[in-house]
Amino acid sequence: MAHAPIKLRENTWWLRRRVPKRYQSVENRKYVHVSLHTDSKSVAESKWRDVWNNEVEAWEARLAGDTADAEKRHAAAVELAKVRGFRYMPTQDVLKLPTEAILERVEAAKDVTDAAALLGTISKPKITVKKALAMYWDLARDKTLRKSPDQIRRWENPRKKAIRNFTLVCGDKSIDEISRDDMLDFRDWWYERLAAETHSAGSANKDIGHLSGILKLVNSKKRLGLDLPMGLSELTFPEGTQNRRPPFSTEWIKTKLLAEDALRGLNHEARCILLAMVNTGARPSELTTLNEATIDLVSSIPSISVKPDGRETKSPNAVRTLPLLGVSLEAMRDCPKGFPRYFDKPGLSATINKYLGAHGLKETPDHTLYCLRHSFEDRMLEASIDVRIRKDLMGHSKDGVVYGKGASLERTTKLLAPMAL
């Protein structure tokens, strides 16, 4: 470097350094002179780099603020205030500070850019509902840390739908302008669909819940301090008795689903997944993400293991090992490496449900692939299998304090063998 980074002047060490070209537009000078507030050379040498880095951070914040984007401009002001050693506050809050504190901010400002940041004259940006959703993905990234790409897609879609529906009714309003009437209009829009029996109360409540969750998180994480209108309790609809998926009867499984050639028209992997569900009760999504490491066909007791392996399990209770028996064992022997066609991809349930409907394999119109899971639980109940073991095998939560590891794989295999199809 052409010039020494520190220089003694009037018994005080100063940092003197050329301003990089990138920052000259915001600094308006070629050299920066900053007092290190010490007469000790060793102290000056130990602190000048931190002082320089502080200057660079301030220049970066100013550059970021030199934009027509209100959100970036506000964020830059917040960052610049932080670099200068202050917390950004709107002007009305700055004026409430003691006189000495206000003067301290004024004296710390080097130019009009600093003054705007330290005195809070940069207005908070207007964040529209759609913009809030775009911000939400980053603010809520902790919720997707262990999710696979397909799980993230399925997590995002209902939130996108909620925002799409709200803007359809109320427009892409700034979230600080959303009123009680807007929320009631959204509820009324949903009521019309419930009255027409085209949607369920659960669908409406999910929309309302996702919308509320997005707005609350953005308001909190961005420290907007908004009073959002109305609580969920005022908006949601009573859901009443929940419709449960009906289980396939054991007789139907034996005579229809397992009849010779009944599933011949299904693609190989879909057919094997359906058969694997019969004697394991595993969720379709748990089967589609199996691989060579989680499929054990060589041990004395063949099994599959459900665990977080590049994806998030439904809950900690979902982590379990399931013995393979009967048609489920044969299906997994046909797919020893898993199901690459459906690995962490959508489409499986739609494919199988369409096939079942087209070939008269639905016991009722309400039956779906997932009903095989309910059938498995019913068959365990009929076999008088202990409730703790049933919950462990289904991956359900246990009530109260739970002790011990539960039944061994040998024990569960012995219990399930008589009911295996």
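- The number of heavy atoms from other shown groups lying within 6.0 Å of NZ (Lys256) does not exceed 12.
- In Glu382, the CD atom is not crowded: 12 or fewer heavy atoms of neighbouring residues, nucleotides or ligands sit closer than 6.0 Å.
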Carefully, step by step, assess Asn267 and Tyr355 under the rule side-chain hydrogen bond (donor to acceptor under 3.5 Å, both in side chains). CA-CA 10 Å; Asn267 70 74; Tyr355 181 88; over 6 Å; no
Full working for salt bridge (Lys or Arg N to Asp or Glu O under 4.0 Å) between Arg187 and Glu192: CA-CA 9 Å; Arg187 189 182 193 278; Glu192 291 177 6; over 6 Å; no
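- Scanning for salt bridge (charged side-chain N to carboxylate O under 4.0 Å, His left out) contacts around Asp334 gives an empty result, with sequence neighbours left out.
- Each of His367, Lys254, Glu363 was scored for a side-chain hydrogen bond (donor to acceptor under 3.5 Å, both in side chains) with Ser249, with one residue passing: Glu363.
- The minimum heavy-atom distance between Leu36 and Lys47, with the atom names listed, is O-NZ, 2.9 Å.
- A donor and an acceptor atom, one from each side chain of Asp366 and Thr364, are nowhere located under 3.5 Å apart.
- Judged by the 6.0 Å and 45° rule, Arg153 forms no cation-pi pair with Trp155.
- Side chain of Ser212 to main chain of Ile208: no donor-acceptor pair is present (N/O by atom type, distance under 3.5 Å, no hydrogens or angles).
- Looking at Lys173 and Glu177, no side-chain N of the basic residue comes within less than 4.0 Å of a carboxylate O on the acidic one, giving no salt bridge.
- With no hydrogens or angles considered, no side-chain donor-acceptor pair links Ser375 and Asp378 at under 3.5 Å.
- Taking the centre and axis of the six-membered ring of Phe376, the NZ or CZ atom of Arg390 falls outside the cone set by 45° and 6.0 Å.
- Partner of Ile352 under the side-chain contact (heavy atoms from CB on, under 4.5 Å) criterion, out of Leu369, Thr368, Leu263, Leu372: Leu369 alone.
- Residues Ile385 and Met419 share a closest heavy-atom pair of CD1-SD, 4.1 Å.
- Using a cut-off of 4.0 Å between Lys/Arg side-chain N and Asp/Glu carboxylate O, Glu104 and Arg84 are scored as not salt-bridged.
- Ser303 places no side-chain N or O within donor-acceptor distance of the main-chain N or O of Asp296, the cut-off being under 3.5 Å.
- Annotation: Lys82, atom NZ; neighbour count of heavy atoms from other residues, nucleotides and ligands within 6.0 Å does not exceed 12.
- At a cut-off of 3.5 Å, with distance as the only test, no side-chain donor of Ser285 or Thr288 sits close to an acceptor on the other residue.
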